[in-house]
Amino acid sequence: MQDDLRPGATLTDTGARFTVYAPRADHMWLCTAGDQVEDRQEMLRSLEHEGWWQLEVDGLGDGTRYGYRAEGAYDPEAGTWFDFSKLLVDPWAVELDRPYSYDPSMGIEGMDTGERTPYSILRAPMEPLDLAPLFQPGGLIYETNVKGYTATHPDVPEDIRGTVAALAHPSIIDHLKAMHIDAIELMPITAWIDERHLGPLGLSNFWGYNPVTFMALDPRLCPGGVAELRETVAKLREAGIGVLLDLVFNHTGEGDNGGPTVSFRGLANEEYYRHIDGVMINDSGCGNTVACDHPVIRRMIVDSLRHFLTQTGVDGFRFDLGPILGRTAEGFDPQAQTLRAMIDDPVIGKSVLIAEPWDIGPGGYQVGNFPEPFLEWSDRYRDDLRAFWQGQPHKMGVLATRMAGSSDTFPGDRTRVVNFISAHDGYTLWDTTAYVEKHNAANGEDNRDGHNDNLSWNNGVEGVTDDEAVNAARRRDVAAMIGTLLASRGSVMLTAGDEFGRTQGGNNNAYCQDNEIGWVDWQGLDPELLAQSQAYARARAETPELRDVARLSDDEVDWCRPDGSPKQDEDWHDARAMRKAMETVIIDVNGADAPITFTPPEGGWRSLNGWNGEMPARSVDYWIKDET
């Protein structure tokens with residue numbers, strides 16, 4: 001693809017140029033929004049760029065609202081969906097005039113969608129930024145749903161609650177700083193559309209993992225567009241906090257053959273989506289799979305990442321269902337051209353890149369197989385840590401491996417692991433200790449959705465209880481899990497609200513709960529748990545050994561019994577307690593259901609929790625080297 005090609009809408013000296021990819025269309029039309037009617041002008045096939053259509057229009061400027069209509073064969077069984085009645089969003093759009101809103105007419109041939117589909121908005125780019133990421137491997141990531149995090153925050157003004165701008169409010173920044181957050185990771189803020197089954201249930205998509213296009217921000221979350229995100233990122237950076245964007249390049253909200261025609265499908269269905277023998281495949285589980293190895297999609301992904309880095313100043317990205325980025329006709333390839341294009345790009349390559357290293361396609365589990373410098377989520381860490389604190393036997397050895405950086409998964413001198421125990425998908429940490437069974441009835445699918453095996457326990461009572469002993473046990477267990485997480489080598493991720501006991505009432509798939517189930521309850525936070533979490537986070541932030549990502553050698557760590565003597569082979573099986581001793585920090589872990597005495601280390605150490613070796617049941621303590 002020639003470098004002089006500039007897809008999307010760009011300003012010229014006299015107006016604007018529009019460039020769109022639709023190789024199989026017979027005719028393409030630019031549609032601009034007038035006062036009363038849509039103004040349509042036929043576009044021309046590019047003579048220099050095969051498959052592309054272009055049109056220059058004088059007199060158009062910043063703020064112009066536009067879309068496309070395509071003419072050609074309508075034959076879904078053959079993979080072509082050209083339907084002139086469908087207004088189509090520019091795949092390179094950077095702003096929309098309204099959110100996407102699903103309507104059945106979007107999937108019915110011949111029904112006009114001009115009043116339902118958003119117009120793209122032409123925007124002049126701002127002065128490009130060239131910022132080094134604040135987040136460095138080994139730091140603490142804070143996964144956050146933008147709306148749910150501030151929807152009920154009492155200190156945030158009502159007019160900005162639930163928006164990107166709210167994240168820059170002093171109360172939010174103060175909380176992030178008290179938790180020593182290195183980077184806040186925003187769940188998808190690019191514009192998405194509801195799945196078509198949600199409307200009849202009275203529900204809507206809340207998480208945003210159903211985009212239509214890849215660059216345009218959702219007007220509900222970011223009404224100020226790119227400028228709002230850029231300003232928020234700048235304020236967070238002033239506080240020493242980076243920003244990561246969770247991006248979805250694996251599928252679009254156009255879904256399967258029964259879904260809406262809003263953008264990609266109406267322009268170049270066969271090229272934009274992956275097919276085998278003409279049949280759309282579904283490696284994403286969402287109805288379609290983006291053909292990330294196609295040169296035009298590769299260009300779109302690179303352009304999207306560059307756009308967010310240079311226009312908003314974010315640190316980098318987390319990629320949902322990451323293997324699809326590296327999938328070719330032969331399967332996942334860690335050196336696939338799209339992955340290499342990201343890594344080798346002089347702007348993208350120096351940013352933070354994090355993969356969710358699994359999808360549901362063939363060979364979709366790729367934990368440990370992404371190329372450097374990608375960091376990777378580790379479901380093995382999540383499951384093994386939960387299993388240990390659930391009380392499963394013979395987990396001490398694997399706990400040590402996970403806390404040391406998962407060398408069995410990430411061999412080499414440095415670990416690329418992102419350790420986490422909970423994420424947006426699944427139980428919150430509190431619910432992990434309060435529910436054995438999922439409680440997803442509110443999702444309208446008869447409790448069939450969501451994972452069934454959650455490695456959870458309820459401390460004797462299912463769900464909410466007034467029994468203070470049970471609630472104290474849950475608080476203890478959550479604190480122990482956070483203490484373990486923040487004592488682990490590698491990058492770590494905490495889901496927003498887990499530090500103070502956020503609950504979703506046992507719903508482990510709250511993607512459609514834009515209400516009290518999915519929102520963070522700031523009024524109901526647990527102050528005791530929050531104080532404990534802040535203490536662990538402060539210790540991690542102040543202890544370089546805990547943030548190091550170098551592989552731990554036998555010379556750098558001693559695995560000990562509670563009395564300080566070296567662990568023996570038999571101790572790795574049935575034992576529930578251990579000490580991880582390093583040069584400047586010692587971690588004591590008591591997974592037993594009874595108190596255990598750990599011998600205080602000699603030579604100027606202080607107990608973070610003030611327990612001085614008298615470890616309560618199911619607890620974690622740090623000994624910090626007293627430099628004085």
Side-chain angles (χ1 to χ4, degrees), residues 1-3 5-8 19-25 46 49-53 68 70 79-81 88-94 120 188 190-192 209-216 245 247-255 259 261-276 278-284 286-309 317 319-345 347-348 353 355-356 359 361 364 370:
M1 192 179 299
Q2 295 93 328
D3 290 338
L5 180 71
R6 297 184 66 186
T19 304
V20 63
Y21 183 69
R24 300 176 192 272
S46 173
H49 309 292
E50 184 177 357
W52 294 83
W53 300 74
Y68 299 115
T80 56
W81 293 76
L88 303 173
V89 176
D90 185 353
W92 265 263
V94 298
S120 309
T190 53
W192 71 84
Y209 291 97
N210 206 38
V212 175
T213 49
F214 297 149
M215 293 187 224
L245 299 183
L247 298 181
V248 182
F249 290 126
N250 57 78
H251 81 284
T252 80
E254 291 183 314
T261 297
V262 192
S263 181
F264 290 10
R265 172 172 290 150
L267 293 168
N269 179 71
E270 291 182 278
E271 289 76 20
Y272 281 138
Y273 296 122
R274 186 173 294 283
H275 295 74
I276 295 179
V279 178
M280 187 182 298
I281 63 173
N282 186 21
D283 291 341
S284 67
C286 301
N288 63 53
T289 303
V290 173
C292 291
D293 57 340
H294 191 283
V296 174
I297 289 289
R298 183 178 308 125
R299 171 66 180 269
M300 187 184 303
I301 291 171
V302 169
D303 285 357
S304 299
L305 301 181
R306 277 178 158 264
H307 165 74
F308 285 121
L309 290 166
F317 313 95
F319 300 102
D320 185 63
L321 302 184
I324 290 174
L325 287 167
R327 186 168 278 118
T328 68
E330 288 73 38
F332 177 79
D333 179 1
Q335 297 302 320
Q337 290 185 57
T338 298
L339 292 175
R340 289 299 342 159
M342 295 161 61
I343 295 169
D344 296 339
D345 185 90
V347 175
I348 302 168
L353 305 174
E356 179 186 36
D359 61 40
F370 272 72

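Because the structure is a prediction, the values reported are computed rather than measured. Only this structure's heavy atoms are used, side chains among them; waters, hydrogens and symmetry mates stay out.
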Asker: Please check this pair: side chain of Ser263 against backbone of Thr213, looking for a donor-acceptor N/O pair closer than 3.5 Å.
Answerer: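 A pair under 3.5 Å: no.
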
Asker: According to ring-ring contact (aromatic ring centres under 6.0 Å, His included), who are the partners of Tyr273, at least two apart in sequence or on a separate chain?
Answerer: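 With sequence neighbours excluded, Tyr273 shows a ring-ring contact (aromatic ring centres under 6.0 Å, His included) to no residue whatsoever.
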
Asker: Taking the side chain as everything from C-beta on, heavy atoms only, tell me whether Ile301 gets closer than 4.5 Å to Leu247.
Answerer: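 Answer no - side chains too far apart.
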
Asker: Answer yes or no: is there a donor N or O on one side and an acceptor on the other, between the side chain of Asn269 and the main chain of Gly79, under 3.5 Å?
Answerer: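 Side chain of Asn269 to backbone of Gly79: a pair is present.
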
Asker: So, using salt bridge (charged side-chain N to carboxylate O under 4.0 Å, His left out) as the criterion, who are the partners of Arg327 when residues are at least two apart?
Answerer: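 Residues passing salt bridge (charged side-chain N to carboxylate O under 4.0 Å, His left out) with Arg327: Asp283, Asp359.
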
Asker: Less than 4.5 Å apart, side chain to side chain, heavy atoms only: is that true for Leu321 and Glu356?
Answerer: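 With C-beta onward as the side chain, the pair touches.
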
Asker: Tell me if a side-chain donor or acceptor on Arg24 pairs with a main-chain N or O of Glu270 at a distance below 3.5 Å.
Answerer: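 A pair under 3.5 Å: no.
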
Asker: Within this structure, what is the CG-OG distance for the pair Leu245 and Ser304, rounded to the nearest 0.5 Å?
Answerer: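 Reported value, rounded in 0.5 Å steps: 11.0 Å.
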
Asker: Short question: side chain of Trp81, backbone of Thr261 - any donor-acceptor pair under 3.5 Å?
Answerer: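 Judged by distance alone, no pair lies under 3.5 Å.
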
Asker: Under the side-chain contact (heavy atoms from CB on, under 4.5 Å) rule, collect the residues that match up with Ala268, sequence neighbours excluded.
Answerer: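 Result, side-chain contact (heavy atoms from CB on, under 4.5 Å) vs Ala268: Tyr21, Pro23, Glu271, Tyr272.
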
Asker: Mind checking what makes side-chain hydrogen bond (donor to acceptor under 3.5 Å, both in side chains) contact with Thr338, not counting sequence neighbours?
Answerer: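 Testing Thr338 for side-chain hydrogen bond (donor to acceptor under 3.5 Å, both in side chains), a comparison that skips the adjacent residues, returns Arg298.
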
Asker: Please report the shortest heavy-atom distance between Phe264 and Pro91, naming the atom on each side.
Answerer: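 The answer is CE1-CB, 3.4 Å.
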
Asker: Do the side chains of Met342 and Phe317 get nearer than 4.5 Å, heavy atoms only?
Answerer: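 Contact flag for Phe317/Met342 side chains = no.
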
Asker: For a quick test of reading the model, state the closest non-hydrogen atom pair linking Phe214 to Val248 and the distance between them.
Answerer: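 So the minimum-distance heavy-atom pair works out to CE2-O, 3.3 Å.
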
Asker: Considering residues at least two apart in sequence or located in another chain, which fulfil the side-chain hydrogen bond (donor to acceptor under 3.5 Å, both in side chains) criterion with Arg306?
Answerer: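 Partners of Arg306 by the side-chain hydrogen bond (donor to acceptor under 3.5 Å, both in side chains) criterion, ordered by chain and then number, come out as Asp345.
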
Asker: Looking at Leu5 and Arg299, what are the two nearest heavy atoms and their distance?
Answerer: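 Taking Leu5 first and Arg299 second, the nearest heavy atoms are O-NH2, 2.5 Å.
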
Asker: Please step through side chain to side chain contact (heavy atoms under 4.5 Å, CB included) for the pair Asp303 and Met215, ending with a clear verdict.
Answerer: CA-CA 9 Å; Asp303 285 357; Met215 293 187 224; 4.0 Å; yes

Asker: Let's go through Leu267 and Trp53 carefully: what are the C-alpha distance in whole Å and the side-chain angles of both, what is the deciding distance for side chain to side chain contact (heavy atoms under 4.5 Å, CB included) to 0.1 Å, and is it a yes or a no?
Answerer: CA-CA 11 Å; Leu267 293 168; Trp53 300 74; over 6 Å; no

Asker: What distance separates Ile276 CD1 from Ile281 CD1, expressed to the nearest 0.5 Å?
Answerer: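 These two atoms lie 4.5 Å from each other.
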
Asker: Any side-chain heavy atom of Trp192 sitting closer than 4.5 Å to one from Val212?
Answerer: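 Contact flag for Trp192/Val212 side chains = no.
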
Asker: Who are the side-chain hydrogen bond (donor to acceptor under 3.5 Å, both in side chains) partners of Ser284, not counting sequence neighbours?
Answerer: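 Only Asn282 meet the side-chain hydrogen bond (donor to acceptor under 3.5 Å, both in side chains) criterion with Ser284.
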
Asker: Would you say Pro7 and Val20 make side-chain contact, with heavy atoms under 4.5 Å?
Answerer: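 No, every pair of side-chain atoms sits at 4.5 Å or beyond.
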
Asker: To check you understand the geometry: which heavy-atom pair defines the closest contact between Asp90 and Gly8, and what is its length?
Answerer: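 Asp90 and Gly8 have their closest heavy atoms at OD2-CA, 3.2 Å.
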
Asker: If the condition is ring-ring contact (aromatic ring centres under 6.0 Å, His included), which residues does Phe332 pass it with, not counting sequence neighbours?
Answerer: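 Per chain and number, Phe332 pairs via ring-ring contact (aromatic ring centres under 6.0 Å, His included) with Phe370.
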
Asker: Where is the tightest heavy-atom contact between Gly364 and Pro323, given as atom of each residue plus distance?
Answerer: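 Nearest pair, atom of Gly364 first, then Pro323: O-CG, 3.4 Å.
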
Asker: For Trp92, what residues pass the ring-ring contact (aromatic ring centres under 6.0 Å, His included) criterion, not counting sequence neighbours?
Answerer: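 Checked Trp92 against ring-ring contact (aromatic ring centres under 6.0 Å, His included); matches are Trp52.
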
Asker: Identify the two heavy atoms, one from Ala341 and one from Val302, that lie closest to each other, and give their separation to 0.1 Å.
Answerer: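 It is CB-CG2, 4.1 Å.
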
Asker: Rounded to the nearest 0.5 Å, how far apart are SG of Cys292 and CE of Met300?
Answerer: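 Nearest 0.5 Å value for the SG-CE distance: 10.0 Å.
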
Asker: Could you tell me which residues satisfy side-chain hydrogen bond (donor to acceptor under 3.5 Å, both in side chains) with Asp320, sequence neighbours excluded, listed by chain and number?
Answerer: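 side-chain hydrogen bond (donor to acceptor under 3.5 Å, both in side chains) list for Asp320, sorted by chain: Asn250, Arg318.
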
Asker: Say whether, by atom type as modelled, one donor and one acceptor occur between the side chain of Arg265 and the main chain of Glu254 under 3.5 angstrom.
Answerer: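 Between the backbone of Glu254 and the side chain of Arg265 there is a qualifying donor-acceptor contact (under 3.5 Å).
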
Asker: Taking only residues two or more places apart in sequence or in another chain, which ones pass side-chain contact (heavy atoms from CB on, under 4.5 Å) with Gln335?
Answerer: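 With neighbours one apart ignored, the set is Asp333, Arg340, Pro371.
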
Asker: Check whether Asn288 reaches the backbone of Gly255 with its side chain - one donor and one acceptor, N or O, closer than 3.5 Å.
Answerer: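 Yes.
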
Asker: Find out whether Leu353 and Ile348 are in side-chain contact, i.e. whether some heavy atom of one side chain is under 4.5 Å from a heavy atom of the other.
Answerer: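 Yes, close enough: below the 4.5 Å cut-off.
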
Asker: List the steps and the verdict of side chain to side chain contact (heavy atoms under 4.5 Å, CB included) for Ile324 and Thr289.
Answerer: CA-CA 8 Å; Ile324 290 174; Thr289 303; 3.8 Å; yes

